[in-house]
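Following: one structure in structure tokens, then a few remarks.
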Amino acid sequence: MQGMRQGIFEIVKEALESARKDGLIKTGEIPACSVDTSKKEEFGDYSTNVAMLLAPLEKKPPRHIAEVIKDRIAAFPQVEKCEVAGPGFINIFLKKSYWLSVLEDIVRQGSGFGRSKAGEGKKVQVEFVSANPTGPLHIGHGRGAAVGDALANILKAAGYDVAREYYINDVGRQMETLGRSVFLRHQELLGKKITFPEDSYKGEYIKEVAADFISKNGERYKEALEADAVPVFSLFAGGALLERIRKDLKDFGVEFERWYSEKSLVEKGLIEATIEELKKRGCIYEAEGALWFKTTGFGDDKDRVLRKADGSRTYFASDIAYHREKIERGFDTIVDVWGADHHGYEGRVRALVKALGYDDSVLKIIFIQLVALLRKGVPVPMGKREGEFVTLRQVMDEVGVDACRFFFLMRRSDAHLDFDLELAKSQAPENPVYYVQYCHARIKSIIGFAREKGAGVPENFDSRLLSRLDQKDEVELIKHLGSFGEVVERSAIAMEPHRVTFYLMELAGLFHPYYNKNRVVTEDPELTGARLLLCGAVATVAANGLKLLGVSAPDKM
RNA sequence: GCGCCUGUAGCUCAGUGGAUAGAGCAUCGGCCUCCGAAGCCGAGGGUCAGAGGUUCAAAUCCUCUCAGGCGCGCCA
């Protein structure tokens, strides 16, 4: 079934059309009106503001127009009644049978419920994490991973053709620094006295990689010249750390379609090719010994250097080649998930897209605000330079993947996130992860209990059975279940995964009170069947939603 | 100084231009002989940072001010 709200929108549209045919409305174009689920019961199931928007065009009072449309809406078979209220809202009340068909839909579609074709198969690439292989992933990368992965899931569910990609910065000075750091540590481990330069990586993991190197290569490089050794150690360390990153992400539940190496860009000559193209377009000039990209011609604050006076390329030079390559691979939209500290970078990348002659709306950048890690409300110190950062591995080992991902998805991406370790791993009521999972487990348990009593979830949907679900809270639950697909769609379009998280917390927030008030398994087989059907649908939607977030839906906890 | 983000209940945060602004936590008071108490019920708590403006209608859009965060390299 198409989204319910969409269905209502069609009804409103047809009602307007018919009013127009009868000469009661002159405006041909229907204004961009809203059709919303009503906030209050007395306002019906759905409300539209179309009459208020039409009023100035028709030069008639909104309530007058509403009256004209009202009866035409009420004439539709799904509609119970229709009222005009307040300044000119049209409140639509639907027949109960309409909601029951939603329930049937959920049971029939099962794990497919919530999927749609809204994205029309458009190709979207989501590039996220893309941390340099110079150290383990930290907590901030974790948030980016959770958001990027959930976003990809949601886009896919909404009918987009999605590819996840990780861009590996595997060349450049930082890789040299990494190589040198490991080389020096390895010499130290072999008994040489070493002084470490200021800019070297000092984390414990450097020693681990150095030890690993020794176990594989012995002492061959103990006396090697730094210039000879660094490339060898860079390659080794980069590979080892990338493996570690892959493993961390896999254990975190994230898998990429493609890992794109910056080195491969260099080897394929794509950087030079991109510069050539920009040259042809007149966007490149030389000054003070450096090669510049005139990004200011496309809205950037200042022009950017691509090749420094010393002949080496900037990071941005790789980036223009990579983004050009991504667009040319034929994606309708490319999404970059970046740490919020990179927002200064947006202007120059947009400039590139425009300079290449594309509409920069193909590029969507999602900024991930950094995570403040707390323990019982006290900040945990972070900072990669000091080598005392908290890794994603530590956090997911301590609090578990489910809680970790859920917490990362509880906030808008660009909002600050306080991540309290003690709260995340506590099984206390104040931990919201369990609220949703518990809802699922509880239902599974109820269904198990019912089965022991000889009652199963009914297979057929005869209307008599379903008509037993006539309480307010039951209709309310069904209504909420029915909006799941819409939430997924909107979450996809807005690229805001947290909407799904909130939806699930709301769903659990409707189910728990319902469960507490109503007994599911009773002596009345028909009522039992109907309620089991409802509960089953709640469990299905909860599971489908959690799946989008990459959080498990356990049968038992 | 310039740019981006943020400012909503004691705290952490939701809130596609719509009707009386919501939730969780915290606080206080209740609920397990009965399908999972990781749950439920109830109570209190608000100048939506402030000032203008647009609109029939603004937490939401525009301008300015204030406060916090981040960014402004031939670093990555």
Side-chain angles (χ1 to χ4, degrees), chain A residues 32 34 36 38-40 42-43 47-49 52-53 55-56 61-62 85-89 91 132 134 169 172-175 177 199 287-292 300-302 304-316 318-319 339-347 367 369-370 372 374 377 410-418 420 423 426-439 441-450 452-453 455 486 490 493-494 496 498-499 501-502 505-506 508-509 511-522 528 531-532 535 556-557:
Chain A
S34 67
D36 292 318
S38 304
K39 276 184 197 157
K40 296 185 69 172
E42 62 198 85
F43 298 152
S47 307
T48 177
N49 62 350
M52 289 183 281
L53 296 175
F89 289 104
N91 294 331
N132 302 336
T134 55
N169 298 118
R173 219 190 58 194
Q174 50 175 347
M175 291 308 292
T177 305
D199 66 344
E288 299 161 54
L291 193 71
W292 294 74
D300 195 14
D301 301 340
K302 55 185 81 167
R304 307 295 171 175
V305 170
L306 295 176
R307 196 187 304 119
K308 299 178 242 177
D310 68 4
S312 65
R313 280 185 293 253
T314 60
Y315 177 82
F316 184 50
S318 301
D319 238 28
D341 54 338
H342 285 69
H343 66 69
Y345 220 75
E346 177 168 6
F367 292 102
Q369 203 45 258
L370 300 181
L374 309 174
M410 270 194 328
R411 300 277 177 267
R412 258 189 12 245
S413 311
D414 56 0
H416 289 274
L417 172 63
D418 282 347
D420 196 303
L423 174 61
S426 83
Q427 299 194 351
E430 66 263 25
N431 188 344
V433 187
Y434 300 111
Y435 191 66
V436 178
Q437 288 186 320
Y438 184 61
C439 172
R442 199 176 211 185
I443 292 168
K444 290 295 174 185
S445 165
I446 295 165
I447 291 172
F449 175 83
E452 280 173 30
K453 297 270 174 187
E486 231 166 78
R490 290 182 188 213
I493 290 163
E496 292 179 345
H498 76 278
R499 294 183 187 222
T501 316
F502 278 89
M505 291 197 284
E506 265 174 58
F511 176 75
H512 289 306
Y514 170 73
Y515 167 82
N516 233 266
K517 213 173 91 194
N518 303 285
R519 196 165 167 89
V520 176
V521 183
T522 61
T528 302
R531 288 187 173 168
L532 282 173
C535 289
K556 277 185 212 161
M557 319 175 38

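We name chains A, B, ... by the order of the sequence lines, and we start the count at 1 in each one.
For B:rC32, the glycosidic angle deviates from 0 by 90° or less, giving a syn base.
Residue A:E288 is classed as a base contact, given a heavy-atom separation below 4.0 Å to a base. The residue A:R304 sits apart from the nucleic acid: no heavy atom pair falls under 4.0 Å. Within the 4.0 angstrom heavy-atom criterion, only backbone atoms of the sugar-phosphate kind lie near A:T314; the bases stay farther away. In this structure, A:A455 reaches neither bases nor backbone, as no heavy-atom distance under 4.0 Å exists between it and the strands shown. Among the atoms of the strands shown, only primed sugar atoms or phosphate atoms (P, OP1, OP2) are found under 4.0 Å from some heavy atom of A:A340. Within the 4.0 angstrom heavy-atom criterion, base atoms lie near A:N518. If you check every strand for non-hydrogen atoms under 4.0 Å, A:S47 touches a base.
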Scan nucleotides 41-43 of chain B against the protein and return all N/O pairs shorter than 3.5 Å with their distances rounded to 0.1 Å.
none

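Residues satisfying the salt bridge (Lys or Arg N to Asp or Glu O under 4.0 Å) criterion with A:E452, sequence neighbours excluded, are absent altogether. Not a single side chain to side chain donor-acceptor pair (under 3.5 Å) links A:T314 to another residue, sequence neighbours left out. A:F502 pairs by the side-chain contact (heavy atoms from CB on, under 4.5 Å) definition with A:H498, A:M505, not counting sequence neighbours. Remark: A:D300 pairs with A:T295, A:R304 by the side chain to side chain donor-acceptor pair (under 3.5 Å) rule, at least two apart or across chains. Take A:S413 and apply the side chain to side chain donor-acceptor pair (under 3.5 Å) test, not counting sequence neighbours, and it matches no residue. Take A:R442 and apply the salt bridge (Lys or Arg N to Asp or Glu O under 4.0 Å) test, not counting sequence neighbours, and it matches no residue. Not counting sequence neighbours, the partners of A:C439 by the side-chain contact (heavy atoms from CB on, under 4.5 Å) test are A:I443, A:A508, A:F511, A:H512, A:V538. Remark: A:S318 pairs with A:E262 by the side chain to side chain donor-acceptor pair (under 3.5 Å) rule, at least two apart or across chains.
Note: CD (A:E346) to P (B:rC72) measures 14 Å, nearest angstrom. Atom pair A:L370:CG and B:rG68:P shows a separation of 19 Å (rounding to whole Å applied). In this structure, OH of A:Y514 is placed 15 Å from C1' of B:rC40, rounded to the nearest angstrom. Between A:D310 atom CG and B:rG73 atom P there is a gap of 18 Å when expressed in whole angstrom units. For the pair A:R531 CZ and B:rC35 C1', the computed distance is 12 Å after rounding to whole Å. Spacing between atom CD1 of A:I447 and atom P of B:rG36 amounts to 12 Å, rounded to whole angstrom units. Rounding to whole angstrom units, CZ of residue A:F511 and P of B:rG36 are separated by 11 Å. Rounded to an integer number of Å, the gap from OH of A:Y515 to P of B:rC31 is 19 Å.
Stacking between A:F89 and B:rA19 is shown: the ring centroid lies under 5.5 Å from the centre of the six-membered base ring, and the planes differ by under 30°. Aromatic stacking of A:F43 on B:rA19: satisfied, with centres closer than 5.5 Å and planes within an angle under 30 degrees.
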Query raised in the report: If the sugar-phosphate is the primed atoms plus P, OP1 and OP2 and the base is the rest, what is the B/S/- string for nucleotides 10-15 of chain B, using protein heavy atoms under 4.0 Å?
Result: --SSSS
Report task. Heavy atoms under 4.0 Å is the rule here; annotate nucleotides 54-61 of chain B 5' to 3' with B where the base is hit, S where only the sugar-phosphate is, and - elsewhere. Result -> --B-----
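Residue A:T134 places no side-chain atom within donor-acceptor reach of the base of B:rA76, judged by atom type and a 3.5 Å distance cut-off alone. Judged by distance alone, with hydrogens and angles left aside, A:D199 brings no side-chain donor or acceptor close enough to the base of B:rA76 to form a pair under 3.5 Å. With hydrogens and angles ignored, a donor-acceptor pair under 3.5 angstrom links the side chain of A:H343 to the base of B:rC70.
Between A:Y435 and B:rC40 there is a side-chain polar atom (N or O) within less than 4.0 angstrom of OP1 or OP2. Listed pair A:K308 / B:rG73 fails the phosphate criterion, with no side-chain N or O lying under 4.0 Å from OP1 or OP2. Within the 4.0 Å cut-off from OP1 or OP2 of B:rC34, not a single side-chain nitrogen or oxygen of A:K453 is found. A close approach under 4.0 Å does not occur between any side-chain nitrogen or oxygen of A:K302 and OP1 or OP2 of B:rG3.
Remark: the separation of the P atoms in B:rA58 and B:rG42 is 32 Å, to the nearest Å. For B:rG18 and B:rG73, the C1' atoms lie 48 Å apart once the distance is rounded to whole Å. Using atom P as the reference point in both B:rU20 and B:rC32, the two lie 40 Å apart (nearest Å). Atom name P, nucleotides B:rC13 and B:rC70: the rounded distance is 15 Å, in whole Å. Nucleotides B:rU12 and B:rG7, compared at atom P, are 12 Å apart to the nearest Å. Taking atom C1' in both B:rG17 and B:rU54, one finds a spacing of 11 Å when rounded to whole Å. The gap from the C1' atom of B:rA57 to that of B:rA19 amounts to 10 Å, rounded to the nearest Å. Using atom P as the reference point in both B:rA9 and B:rG71, the two lie 27 Å apart (nearest Å).
With hydrogens and angles ignored, the 3.5 Å screen pairs no side-chain donor or acceptor of A:S445 with any backbone N or O of A:A441. Looking at A:N518, its side chain does come within 3.5 Å of a backbone N or O of A:Y514 through a donor-acceptor pair.
The distance from the CZ atom of A:F89 to the OG1 atom of A:T48 is 9.0 Å, given to the nearest 0.5 Å. Distance check, rounded to the nearest 0.5 Å: CD of A:E496 to CZ of A:R490 gives 11.5 Å.
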Report summary line: Each base of RNA chain B marked ( ) or [ ] if paired in-strand (Watson-Crick or G-U under 3.5 Å), | if paired to another strand and . if unpaired gives (((((((..((((....[...)))).(((((.......))))).....(((((..]....))))))))))))....
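Heavy-atom contacts from other residues, nucleotides or ligands closer than 6.0 Å to NZ of A:K453 number 12 or fewer.
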